[in-house]
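Structure, as structure tokens:
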Amino acid sequence: DRLEAGDVLVVTKLDRLGRSAVDVRNTVENLAGMGVRVHCLALGGADLTSPAGKMTMQLLAAVAEFELDLIKE
């Protein structure tokens, strides 16, 4: 029902955290601010709140934004 500092939220895919790349990033940042770590199984269990996880998430967000721009174009 609720997450507390020290908890680990495990999701199967990034899209379970939000509807857009910005939404996912904001969700992960809010959870990290609460002291909750977020692990994504689709990324090999990567901790999205770690420096490497943040970088991975940013790269995926950039690719998603690029794909969306191509579709709009």
Hey, mind stepping through Leu41 and Val11 against side-chain contact (heavy atoms from CB on, under 4.5 Å) and telling me if it holds?
CA-CA 6 Å; Leu41 297 178; Val11 295; over 6 Å; no
In sequence, state the C-alpha distance, the side-chain angles, and the governing distance for Val24 and Leu60, and then conclude on side-chain contact (heavy atoms from CB on, under 4.5 Å).
CA-CA 11 Å; Val24 170; Leu60 291 173; over 6 Å; no
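Interatomic distance, NZ of Lys54 versus CG of Asp47, reported as 9.5 Å (0.5 Å rounding).
The shortest heavy-atom contact between Asp23 and Gly18 is OD2-CA, 3.3 Å.
By the neighbour-count criterion of 12 heavy atoms within 6.0 Å, atom CD of Gln58 is densely surrounded, having more than that number from other residues, nucleotides or ligands.
Every residue two or more places apart in sequence or in another chain that forms a salt bridge (charged side-chain N to carboxylate O under 4.0 Å, His left out) with Glu29 is listed here: Arg25.
At least one side-chain heavy atom of Leu17 sits under 4.5 Å from a side-chain heavy atom of Leu9. Here the side chains of Val28 and Thr49 are in contact, with some heavy-atom distance below 4.5 Å.
Met34 and Met57 fall within a single hydrophobic cluster, where Ile, Leu, Val, Met, Phe, Trp and Tyr are joined by side-chain heavy atoms under 4.5 Å apart, directly or via other members.
Under the side-chain contact (heavy atoms from CB on, under 4.5 Å) rule, Leu48 has a single partner from Thr56, Val38, Leu31, Thr27, which is Val38.
Pairs passing the side chain to side chain donor-acceptor pair (under 3.5 Å) check and including a residue from residues 3-18, sequence neighbours excluded, read Arg2-Glu4.
His39 places a side-chain N or O within 3.5 Å of a backbone atom of Gly45 that can act as its donor or acceptor partner.
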